[in-house]
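Take a look at the structure below.
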Amino acid sequence: MLDINLIRENPEAARAGMRKRGMDPSPVDEAVRLDSRWREVLLEAEALKAERNKVSKEIGKMKDKEAREAKIAAMREVGDKIKALDEEIAKLEEDLHAVMSIIPNIPDERVPDGFTEEDNVEVRRWGEHPEGDFYKPHWELGPELGILDFERGVKLAGSRFYVLSGAGARLQRALIHFMLDLHTRQGYTEMYGPFIVRGEILYGAGQLPKFAENLYKDHEEDLYLLPTSEVSITGMHMDEIIEEADLPRFYTAYSPCFRREKMSAGRDVRGIKRGHQFDKVEMYKFCKPENSADELEKMVADAEETCRLLGIPYRLILKCAGDTSETAHISYDLEAWSAGCQEWLEISSISNVGAFQARRAKIRYRPENGGSVQPVHTLNGSGLGLPRTMIAILENNQQPDGTVIVPEALRPWMGGIEVLEKA
RNA sequence: GGAGAGGUCGCAUAGUCUGGCCUAGUGCGCACGCUUGGAAAGCGUGUAUACCGAAAGGUAUCGAGGGUUCAAAUCCCUCCCUCUCCGCCA
């Protein structure tokens, strides 16, 4: 959510941001209109409340019965007016809130123009593409090695589910281990929390109401399965005021992620690229506004280090305005090359969200110099999505004989397995 | 799942029965000042958040949301959470 003061003082900035994303900027005008009407009615209601508070206090001290009754009758009328105005205020607030929550974050000036993936800008590349005519896609390679079972996944839970077994399951666990240890070394604190969260937590992170249909929900309580641990980490400090001395805070967390993928029905159905359940290790930062730009670059470097240590060739993409998440000022994507599918796979998305989520989730900090509290900035980035990292490793590291070499970095957790081969 | 006790401005507590001097008291912590060679102690002052307003000031918030009333921390209803005991079960 943007700051209402910005909408008031510089609505053109918000409009320009929406245009840059290819959106119709009219919600900004609607917000300006609702806000000004809201203030008008609020002023009126508060004046009446001030009067009522004052007179009510007098009534408490009055001895004269008749005069007292007269005042009570008068205040009863004032009370009715207040009630009507309060209802109007509540309605205006609701409408304003609804409009404010569809106005996206303003893209950073470095964000390139454009509305589709085509307009994203490649920043840099690392690593060599494996060349050869023997590279198979993972959906063939995995079952052949006996580590990936699509049929049983479907039997258990339907399409877009799969089962990892033996060395496949172990490889994923090794990756989780490796990433958490790496991020800890990079300065992040490991967190483990609920994989099910309340609706208000999703709201604070900006997932609700917009993405309601993409979430799995408990059938009788206001609880949802996590679509990403970005949500739970944001919620970690919801409604808190953090002392400046306690910033920045860096967190890393492993969690499964659950998504109904309603919006991408029929897309990427093959293999493990897009499942309803996948694991992810997340990086997250809460910091002061003046540091978020630098922290973003550092987080990108942390994600790149993960790829390099695993030997995964990648390219770093700066997303164009139309392709940048609505909560973000600016987003980078890290894409891994997969030799079997012959395509770039998004394995990490790293964003500076600025105050956008913090404002919504009421996460603020108290400056040491005594200034007033203000929203912190938040950043989030995948420390790599596990399935796509698995794809890259399996496909790129395969040998002409159909075996797969385990990256050195993962060996400490592989129990002596250096090569994946048919059991 | 059953029974009970609770949730108050950083922390700890008073206030709730009996609605109005609650503009929420007190202690601790914290900040500043006085005192001191310096410190501790002591003394004094200050110490939530949001919104409206140029300001003065006003409004709201006592777990959340409704209700009663001229007036609600206080009375009523619903919900959330915590603790204790019982039952059941990883």
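Since the model is a prediction, treat every value here as computed from it, not as a measurement. Sequence lines set the chain letters: A, B, ... in the order given, protein chains first and strands last, and positions in each chain run from 1.
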### Task
Rounded to whole angstrom, note down the C1' distance from B:C88 over to B:G2.
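B:C88 and B:G2 have their C1' atoms separated by 11 Å.
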
According to the Watson-Crick and G-U wobble definitions, with both distances under 3.5 Å, which nucleotide is paired to [N]?
{"N": "B:C51", "result": "B:G58"}
{"N": "B:C17", "result": "none"}
{"N": "B:A5", "result": "B:U82"}

#### Entry: side-chain N/O A:Arg8 vs B:C52 OP1/OP2, d < 4.0 Å
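Result: yes.
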
### Task
Assess the pair A:His237 and A:Phe286: is the distance between their ring centroids shorter than 6.0 Å?
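Close enough - the centres of the two rings lie under 6.0 Å apart.
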
### Query
Do you see a donor-acceptor pair shorter than 3.5 Å between the side chains of A:Gln357 and A:Thr378?
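A:Gln357 vs A:Thr378: donor-acceptor pair found between side chains.
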
Rounded to whole Å, please give me the gap between [atom1] in [X] and [atom2] in [N].
{"X": "A:Tyr365", "N": "B:U49", "atom1": "OH", "atom2": "P", "value": "14 Å"}
{"X": "A:Asp86", "N": "B:C51", "atom1": "CG", "atom2": "P", "value": "18 Å"}
{"X": "A:Glu51", "N": "B:C70", "atom1": "CD", "atom2": "P", "value": "15 Å"}

### Message
So, applying side chain to side chain contact (heavy atoms under 4.5 Å, CB included) with A:Pro112, which one of A:Asp323, A:Asp119, A:Asn120, A:Leu318 is it?
### Response
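It is A:Leu318, the one option of A:Asp323, A:Asp119, A:Asn120, A:Leu318 that forms the side chain to side chain contact (heavy atoms under 4.5 Å, CB included) with A:Pro112.
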
### Task
Select base, sugar-phosphate, or nothing to describe what A:Ile59 touches, counting heavy atoms under 4.0 Å on all strands.
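Base contact - A:Ile59 has a heavy atom under 4.0 Å of at least one base atom.
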
